[in-house]
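A quick write-up on the structure given underneath.
Residue numbering restarts at 1 for every chain, and letters A, B, ... go by the order of the sequence lines.
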There are 2 protein chains.
Amino acid sequence: MSNRRRDAVHEVLRQSEGFRSAQDVYAEMRAEGAKIGLTTVYRALQALVDNGQVDVLRTGEGESVYRACASGDHHHHLVCRRCGRTVEVAGPAVERWAEAVGTEHGFTEITHTVEVFGTCPSCSANVKAG
Amino acid sequence: MSNRRRDAVHEVLRQSEGFRSAQDVYAEMRAEGAKIGLTTVYRALQALVDNGQVDVLRTGEGESVYRACASGDHHHHLVCRRCGRTVEVAGPAVERWAEAVGTEHGFTEITHTVEVFGTCPSCSANVKAG
DNA sequence: CCCGATTTTGACAACCATTTTCATTTACGC
DNA sequence: GCGTAAATGAAAATGGTTGTCAAAATCGGG
Ligand SMILES: [Zn+2]
Ligand SMILES: [Zn+2]
Ligand SMILES: [Zn+2]
Ligand SMILES: [Zn+2]
C-alpha cells in the first residue's frame, strides 16, 4: 500500500539528523511549498510508526518526536541535547538486564524504554569556543 | 520551608502503590473532602520533584505521573502495565553502559532514562483465572 | 472516457493536560 | 493589630494532538 504523502513525510525524516516533531515537519514541508495539511502529517507519521519505519519518543515537554532510523531492529538512541544529532546504539547488556530485573520480580511480557542524552563533540567544541 | 498543602499531596503519593497523575491525585483529595485547587496540586507536585522527593515520568499518552520513592538515590522503575504497581530497581550495569556508550561517541554530560514494564505476578494470575 | 464507490485529504473545531493570570486569602514579622 | 510577602485557586489561555466531515483525489468496472 503506497501513499505519496506518506512517502514525502518519510523523506523529510530521512533528510534529518535527529528527531523531529510533527509540527516541525509540517512547517518545513509548507516552507518548501508542499501543499499538505497538518492533520495529514500526523496521520502519515502515525502510519510510519505503526509500520515500524519510524521511531517515536516523547520529549520532556510532552511533545512526540519522530525519526527514520537506519536499523529496523530494536535499538536505542544517544541524543545530543543541544543540536538533536542522534546516534543509533545497540545494547545487548541493557536488553539482558531489563529482562533479568523483570523476571527476578516475577513480571512477565517485559518491555523497556532506554534513552541516553549528552552533548555531542561539535556542540562541546562550540561551547568552549562560544 | 514547610507547607501544609505540599505535605498533603506528598502523603497521597506515599499511600499509593504506583505512579499517579496530577488530576488523579486532585480527584482523590477532593473526594476525601480536602479543599484544594488543581493549580495547587500541580505546584506541589512540581516542588516535590524539584526537591527530589518525588519521581516523575511521562506516560505514552503524554501525561505526567508522579511517585514518592523510598530511595532518594538514582534508580529506575519496574512498572506493571496493568495495575501500575511499581518496584524500584538499581542497575549499576545500566549506569555503566549508558556512560560508556556516550563517551564512546565523544558525548559529554551524559544522562539517561530507563523504564522497565511488564505484567506483575498477581495480574498474570488474574488473567489466567479470567 | 463516465460514473458510482472507496479512500484520502485538510480546514476547522474539539480535547485535555498543563500553565498563566490575577484577585483574594493566608502567613509572618514586628 | 498592621503591612508586606507568599500562597491559593477559579477562570482563562496555551498548545500539541485528535476528531469531524465535506470536498477532492483515486479506483474499477462498464
Ligand atoms: Zn550536538
Ligand atoms: Zn532495548
Ligand atoms: Zn500488576
Ligand atoms: Zn540509571
Which of B:H76, B:R67, B:H77 passes side chain to side chain donor-acceptor pair (under 3.5 Å) with B:E88? Answer is B:R67
How close or far is atom P of C:dA27 from atom CG of B:D7, stated in whole angstroms?
14 Å
Would you say D:dT26 has OP1 or OP2 under 4.0 Å from some side-chain N or O of A:N3?
no
Can you check whether B:V41's main-chain N or O pairs, donor with acceptor, with B:R5's side chain at less than 3.5 Å?
no
pair A:V9-A:M29: side-chain heavy atoms closer than 4.5 Å:
yes
Out of D:dG9, D:dA10, C:dG10, minimum distance to the side chain of B:R30 belongs to D:dA10
Rounded to whole Å, how long is the line connecting atom CE of A:M29 with atom P of C:dG10?
9 Å
Gap between atoms CG and P, on A:L57 and D:dT17 respectively (whole Å)
12 Å
Rounded to whole angstrom units, what separation is found between the CZ atom of B:R4 and the C1' atom of C:dA27?
10 Å
Reading nucleotides 13-21 of chain C 5' to 3', which nucleotides get B (base under 4.0 Å from a protein heavy atom), which S (sugar-phosphate only), which -?
----SBBB-
What do the steps show when you test A:E99 against A:H112 for side-chain hydrogen bond (donor to acceptor under 3.5 Å, both in side chains), and what is the final call?
CA-CA 9 Å; A:E99 192 67 27; A:H112 62 270; over 6 Å; no
Please determine if a side-chain N or O atom of B:T40 lies less than 4.0 Å away from the OP1 or OP2 oxygen of D:dT8.
no
Figure out the CZ/P separation between B:R6 and C:dA27, and round it to whole Å.
15 Å
Close side-chain approach of B:V116 to B:V87, heavy-atom, < 4.5 Å
no
Quick one: list whatever passes side chain to side chain donor-acceptor pair (under 3.5 Å) with B:E11, sequence neighbours left out.
B:R14, B:Q15
Could you tell me the separation between the OH atom of B:Y26 and the C1' atom of D:dA11, rounded to a whole number of Å?
12 Å
